[in-house]
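So that the names make sense, note that chain A is the first sequence line, chain B the second, and so on, each numbered from 1. What you are looking at is a predicted structure, and each value in this text was computed from that prediction instead of being measured.
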Amino acid sequence: MATFKPKFIKPETDDAITDTSGSTEQSSAFVFNANQNLGIEEQRERLPIRKYRDQILYCLENYQVVILVGETGSGKSTQVPQYLYEFGWHTKGLIGITEPRRVATVTLANRVAQERGELVGDSVGYVVRFLERMSSETKIKYMTEGILLRELLADPLLTQYGVIIVDEAHERNMLTDMVLGLLKKILRKRSNLKLIISSATIDASFFSEFFSWPGSTRDVSVKLSIEGRMHAVTKYYLNEPCADYVRETVETVWKLHQKEPFGDILAFLTGQEEVLEALDLLREYIASSELDNLKVVPMYGSMTSTDQLAVFFTPPKGVRKVVLATNIAETSITIPGIVYVIDCGYVKVKCYNPATCSDSLVIVPVSKASAIQRAGRAGRVRPGKVYRLYTKSDFDSLAPRQPPEMRRSEMSGAVLQLKALGIGNILRFDFPSPPPAKNLLSALETLYALDAIDEQGNLTKPVGFLLAELPFAAMLSKMLYISGQMGCSEEIITIIAMLQVQSVYSRPPSAQAQQSGRIAHRHFEVAEGDLITLLNVYTAFVEEGMTKEFCGQYYLIYRNLKRACELREQLLALARKKYAIPIFSCKGDVEMVCKCITAGFFTQVAYLHHSGVYRQISSGTELAIHPNSTLYTLPQAQYVVYCELLQTTKLFMDQLTVIKKEWLTEVAPHYYHQTTMRH
DNA sequence: GAGCACTGC
């Protein structure tokens, strides 16, 4: 049985999984447990969802799709699968539950197994990437959405399942929408398969419209609303819009601290820079007032786990904690004890632009759904308050929700998946929210250039099928495929693993530490660029015994490096066993590695124009080197390939590698005989 | 001399 130690991290396991103390846990039903002393059965009986049990079961008997609407805290995720089991649904096939995140998947399965007085892996199991607890006895199966999607490749009609529950469907992640689109197809072919969609209020009618089809004599789906168990949150708005929400946040914290009874504060800002700016300002206020009963802590993604832990400590009696956070606190991390929320009203979103094949990163007003989610963070322990730094009429005119990820993303991965599932005409696939046709066409072009599809749009053999099966971006897969032929697959696999994880470079909160961090990172830098630098970081990490001390010394994020190691192992096994890619090290032949990178990313090349700026080789678009890149401070190379293109103040290239012009015709003659003619 | 929110196979 998995034994979970509270708060601290077992070195040999995924820290995100082990740390189930409640800190990273965000599956709602059991976070705040007012009935801790009751027996498990009694607790289950007291959950808000209990009184809907018979209704849920009735609906499932009579409709193919049931949409369960309700706020968090009702017990949907843990109880519904058990009700189904208790009433015999497991005899018709597996009861599958998909979750958007790994941690929630594992936590939920553990909790349900515990409620049933069993070990996880008996009647209740889970599957996430790298971890699996299943047996022949398992009837209730928690899994991430990506796992279900992979299973579809082997079993397109999901014949082992009798019921599928899509949890947190309102989040509308890329994978959620893929799963929903494919399930719609399956439901029409398998009338004995049932689907339960668990969603927040705002999207309920959207789902019932999506799950209806002509020709059926009665409604396919039914909606059922479940009350939650949140405390009331009082909302406050500004009378006038504010010009500077960072400053307004700080002033609100300050006023609130003086007037309101004790209780911790959580403030949402859009990025690391704003968080640090607010942190400085607030510390100035504190210093000038000589108050010592306000403790301010930052929270954003690129902090180390150690630094992040500060937000979970309970302040001493009489001291109020203020957490200044990015969106990380909206869904991913639940901070205990919050009573007051301050919502700046903005969020940073990434949006794909097919014209330049780049992502743009923009700060936009939050959606109503987000504003409600943020406010909800104040009502978990007792009635709370939210201070919205915008007017009531601004709130009323907010969009109900952010466009789903599917409409804002690069599509080549999704297109490959669908092709592999035999969906020929992607443009006619029934997506819950169809992506812009331009995005699909741009993906098709990319895949054609990579030789993954032919002129008819069919997957090629072996490249297309390989790219569809490998669990990462098409260009990285192509690079892996070529590396087997070139003899540098060891190095390329490391680079892929490092590019898959969130940044391994930590960005500590204090200015002084940031400076030291920059100097420490220079230790790994090389003239060939960012990818070879990542290779160096990884190699050094392994050589130094993969210790936290090493990471601390060089300002690296242990959890991300650790994850890169896991990914690398999985990838190595996959490449070797399943795809028969020979595993070789080129033993320090950096040029070979760079050439191999070029073979994957040959469509993303820039050359140095005589005016001193870079231009994209195929379009002539002006590009700049991102300040995060190692090449930013080095003399400009003639030719570079980039893995990412980001539009902010300019079009920036990131994750760069220096290449030689002649490699292009060597590794991609089909592409470069014509494009180079333009110059 | 500019600045990346978050998640997943």
Side-chain angles (χ1 to χ4, degrees), chain A residues 16 24 26 98-105 127-132 143-154 168 171-179 268-277 299-303 325-333 344 346-351 358-364 366 370 373-374 402 404-405 408-409 413-414 416-417 420 467-474 476-477 496-497 500-503 505 507 514 518 560 563 566-567 570-571 574 624-629 631-634 644-655:
Chain A
T24 51
Q26 33 73 61
T98 69
E99 294 289 330
R101 283 167 290 278
R102 291 161 52 88
V103 182
T105 310
V127 185
V128 299
R129 190 174 184 180
F130 306 129
L131 291 175
E132 180 170 335
M143 72 201 114
T144 40
E145 293 160 344
I147 295 284
L148 189 73
L149 220 53
R150 292 282 143 190
E151 286 184 6
L152 274 163
L153 286 175
E168 313 277 6
E171 287 189 18
R172 304 288 308 279
N173 299 322
M174 188 84 168
L175 294 184
T176 318
D177 277 15
M178 289 279 284
V179 164
F268 286 100
L269 292 162
T270 71
Q272 175 193 318
E273 202 182 339
E274 289 175 8
V275 166
L276 295 179
E277 187 189 335
M299 178 83 202
Y300 50 84
S302 58
M303 276 161 62
T326 62
N327 243 13
I328 194 170
E330 197 179 292
T331 49
S332 309
I333 285 181
C344 75
Y346 288 87
V347 64
K348 204 177 286 195
V349 292
K350 211 174 183 177
C351 194
S358 67
D359 286 312
S360 47
L361 203 59
V362 283
I363 295 174
V364 298
V366 287
S370 276
Q373 174 78 12
R374 288 178 176 185
Q402 215 67 245
E405 198 184 2
R408 303 182 279 116
S409 302
L416 275 173
Q417 279 271 338
L467 267 52
E469 275 198 51
L470 287 170
F472 33 74
L476 296 176
S477 308
I496 292 175
Q500 287 298 104
V501 298
Q502 281 176 38
S503 174
Y505 304 114
R507 296 156 164 276
Q514 274 193 23
R518 230 168 271 146
N560 294 347
R563 180 147 168 91
E566 288 178 354
L567 278 164
Q570 191 202 31
L571 191 43
L574 213 65
I625 294 180
H626 195 284
N628 280 348
S629 168
L631 294 187
Y632 188 74
T633 47
L634 296 177
E644 282 168 26
L645 206 55
L646 191 68
Q647 170 88 57
T648 50
T649 51
K650 287 185 198 167
L651 251 184
F652 286 108
M653 306 179 277
D654 200 4
Q655 307 293 17

Need one value for A/Ser302: base, sugar-phosphate or nothing, where a base atom within 4.0 Å counts as base even if backbone is also close, heavy atoms only.
nothing
What is the nucleic acid contact for A/Leu149, judged by heavy atoms within less than 4.0 Å: base, sugar-phosphate only, or nothing?
nothing
With no hydrogens and no angle check, is any side-chain donor or acceptor of A/Arg172 less than 3.5 Å from a backbone partner on A/Asp177?
no
Restricting to non-hydrogen atoms, name the atom on A/Phe268 and the atom on A/Glu330 that form the minimum distance, rounded to 0.1 Å.
CE2-N, 3.6 Å
Contact class for A/Arg408 vs. all strands (heavy atom < 4.0 Å): base, sugar-phosphate, or nothing?
nothing
Please identify the 5'-most and 3'-most nucleotides of DNA chain B with any atom under 4.0 angstrom from a heavy atom of chain A.
B/dG1 to B/dC9
Could you report the tightest heavy-atom contact between A/Ala325 and A/Val275, atom names first, then the distance?
C-CG2, 4.0 Å
Under 4.0 Å, counting only non-hydrogen atoms across every strand here, what does A/Gln272 touch: a base, just sugar-phosphate, or nothing?
sugar-phosphate
When you measure from the side chain of A/Ser409 to the backbone of A/Glu405, do you find a donor-acceptor pair of N or O atoms at a distance under 3.5 Å?
yes
Mind checking A/Glu469 for me? I need base, sugar-phosphate or nothing, with any heavy atom below 4.0 Å counting as a touch.
nothing
Can you tell me how far the CD atom of A/Glu274 sits from the CG atom of A/Leu276, to the nearest 0.5 Å?
10.5 Å
Looking across every strand, which nucleic acid part, if any, lies under 4.0 Å from A/Leu470 by heavy atom: base, sugar-phosphate, or nothing?
nothing
Sorted by position of nearest nucleotide on DNA chain B, 5' first, the leading residue of A/Phe472 and A/Leu361 is A/Leu361
Contact nearer the 5' end of DNA chain B, comparing A/Val127 with A/Pro627
A/Pro627
Does A/Tyr632 reach a base, just sugar-phosphate, or nothing at all? Heavy atoms under 4.0 Å.
base
Answer yes or no: is there a donor N or O on one side and an acceptor on the other, between the side chain of A/Ser360 and the main chain of A/Cys351, under 3.5 Å?
yes
